[in-house]
Trainee: 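Pasting a structure below so you can have a look.
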Amino acid sequence: QVQLVESGGGLVQPGGSLRLSCAASGSIFSIGVMGWYRQVPGNQRELVALITGGGSANYTDSVKGRFTISRDNAKKTVYLQMNSLKPEDTAVYYCKAGLVSARTRTYNDYWGQGTQVTVSS
């Protein structure tokens with residue numbers, strides 16, 4: 001019923017920029033916190049940024065000043081603008097949303113499928 005669909009990943013050179021999008025669809029009663037996480041093979045999934053329904057954002061230290069998370073509540077979409085990208089930003093990026101779906105009537109976390117971001121020369 002509920003899906004989070006990501007887009008915007010790809011290959012970019014160091015210093016370049018990418019903008020990730022994640023749109024929620026389905027029968028959704030409400031959406032709370034949305035966020036972006038990233039994961040490389042063999043590593044734990046790492047929190048990148050979070051944004052509340054009211055637009056208050058938090059970032060992990062390694063991306064502060066370079067990444068910006070935003071959301072469009074009308075479109076049920078969260079974005080991650082990534083500037084000054086570094087090779088260490090290379091990972092699969094996942095979006096997450098805490099929401100109440102019409103089916104479950106309970107608050108649960110939902111994950112996107114992930115989108116690959118590769119920063120390389």
Side-chain angles (χ1 to χ4, degrees):
Q1 182 81 298
V2 175
Q3 295 184 86
L4 302 181
V5 180
E6 300 181 18
S7 61
L11 175 65
V12 65
Q13 294 183 355
S17 297
L18 284 174
R19 189 192 193 213
L20 306 183
S21 300
C22 176
S25 63
S27 298
I28 298 169
F29 179 74
S30 63
I31 303 177
V33 174
M34 304 182 84
W36 289 94
Y37 295 71
R38 64 188 181 188
Q39 187 171 27
V40 299
N43 288 22
Q44 296 286 335
R45 189 167 296 184
E46 174 192 28
L47 173 67
V48 177
L50 294 173
I51 186 166
T52 68
S56 180
N58 296 95
Y59 303 90
T60 192
D61 287 344
S62 63
V63 308
K64 286 180 179 177
R66 301 188 298 120
F67 291 10
T68 302
I69 189 171
S70 61
R71 64 192 287 167
D72 185 329
N73 290 331
K75 295 181 178 179
K76 300 182 180 68
T77 300
V78 62
Y79 306 93
L80 186 67
Q81 178 67 46
M82 304 185 293
N83 299 326
S84 302
L85 283 161
K86 305 174 181 179
E88 51 262 44
D89 295 318
T90 296
V92 177
Y93 283 70
Y94 298 88
C95 67
K96 186 178 80 172
L99 57 84
V100 178
S101 74
R103 186 185 71 84
T104 67
R105 273 74 169 173
T106 58
Y107 189 88
N108 294 103
D109 288 338
Y110 291 80
W111 290 90
Q113 80 284 356
T115 185
Q116 177 71 46
V117 172
T118 302
V119 184
S120 177
S121 299

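Note that this is a predicted model, so its numbers are computed, not measured.
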Trainee: Using a strict 4.0 Å threshold on nitrogen-to-oxygen distance, state whether Lys64 and Asp61 make a salt bridge.
Mentor: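 The answer is yes: the pair qualifies as a salt bridge.
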Trainee: With no hydrogens and no angle check, do the side chains of Thr90 and Glu88 hold a donor and an acceptor under 3.5 Å apart?
Mentor: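 No - no donor-acceptor pair under 3.5 Å links their side chains.
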Trainee: Should the pair Tyr94 and Trp111 be assigned to parallel (<30°), tilted (30 to 60°) or perpendicular (>60°) ring geometry?
Mentor: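 Because their plane-to-plane angle is over 60°, the rings of Tyr94 and Trp111 count as perpendicular.
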Trainee: Of all heavy-atom pairs between Cys95 and Leu4, which one has the smallest distance, and what is that distance?
Mentor: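 Smallest heavy-atom distance, with atoms named: SG-CB, 3.8 Å.
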Trainee: I need the minimum non-hydrogen distance between Gly35 and Ile69, along with the two atoms involved.
Mentor: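 Closest approach of Gly35 to Ile69, heavy atoms only: CA-CD1, 4.2 Å.
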Trainee: Considering non-hydrogen atoms only, spot the tightest contact between Gly9 and Val117 and give its length.
Mentor: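 Taking Gly9 first and Val117 second, the nearest heavy atoms are CA-CG2, 4.2 Å.
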Trainee: With no hydrogens and no angle check, just 3.5 Å: does a side-chain donor-acceptor pair link Asn83 and Ser17?
Mentor: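 Judged by distance alone, the side chains do pair up.
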Trainee: Give me the atom names and distance for the closest heavy-atom approach of Arg66 to Ser84.
Mentor: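 Scanning both residues completely, I find the closest heavy atoms to be NH1-O, 3.0 Å.
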Trainee: Hey, does the side chain of Arg71 reach the backbone of Thr52 with a donor-acceptor pair shorter than 3.5 angstrom?
Mentor: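 Indeed, once roles are kept as given, a pair shorter than 3.5 Å links the two residues.
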Trainee: How close do Gly10 and Leu18 get, counting heavy atoms only, and between which atoms?
Mentor: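 So the minimum-distance heavy-atom pair works out to O-CD1, 3.9 Å.
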Trainee: Ignoring hydrogens and angles, tell me if any N or O in the side chain of Ser56 forms a donor-acceptor pair with the backbone of Gly54 under 3.5 Å.
Mentor: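 Answer holds: no.
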Trainee: Tell me every residue that passes side-chain contact (heavy atoms from CB on, under 4.5 Å) with Leu50, counting only those two or more places apart in sequence or in another chain.
Mentor: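 Per chain and number, Leu50 pairs via side-chain contact (heavy atoms from CB on, under 4.5 Å) with Val33, Tyr37, Leu47.
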Trainee: Quick check: does any side chain N or O of Glu6 sit under 3.5 Å from a backbone N or O of Thr115, one acting as donor and the other as acceptor?
Mentor: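 A pair under 3.5 Å: yes.
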Trainee: Just by distance, do the side chain of Asn73 and the backbone of Lys76 share a donor-acceptor pair under 3.5 Å?
Mentor: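 Answer holds: no.
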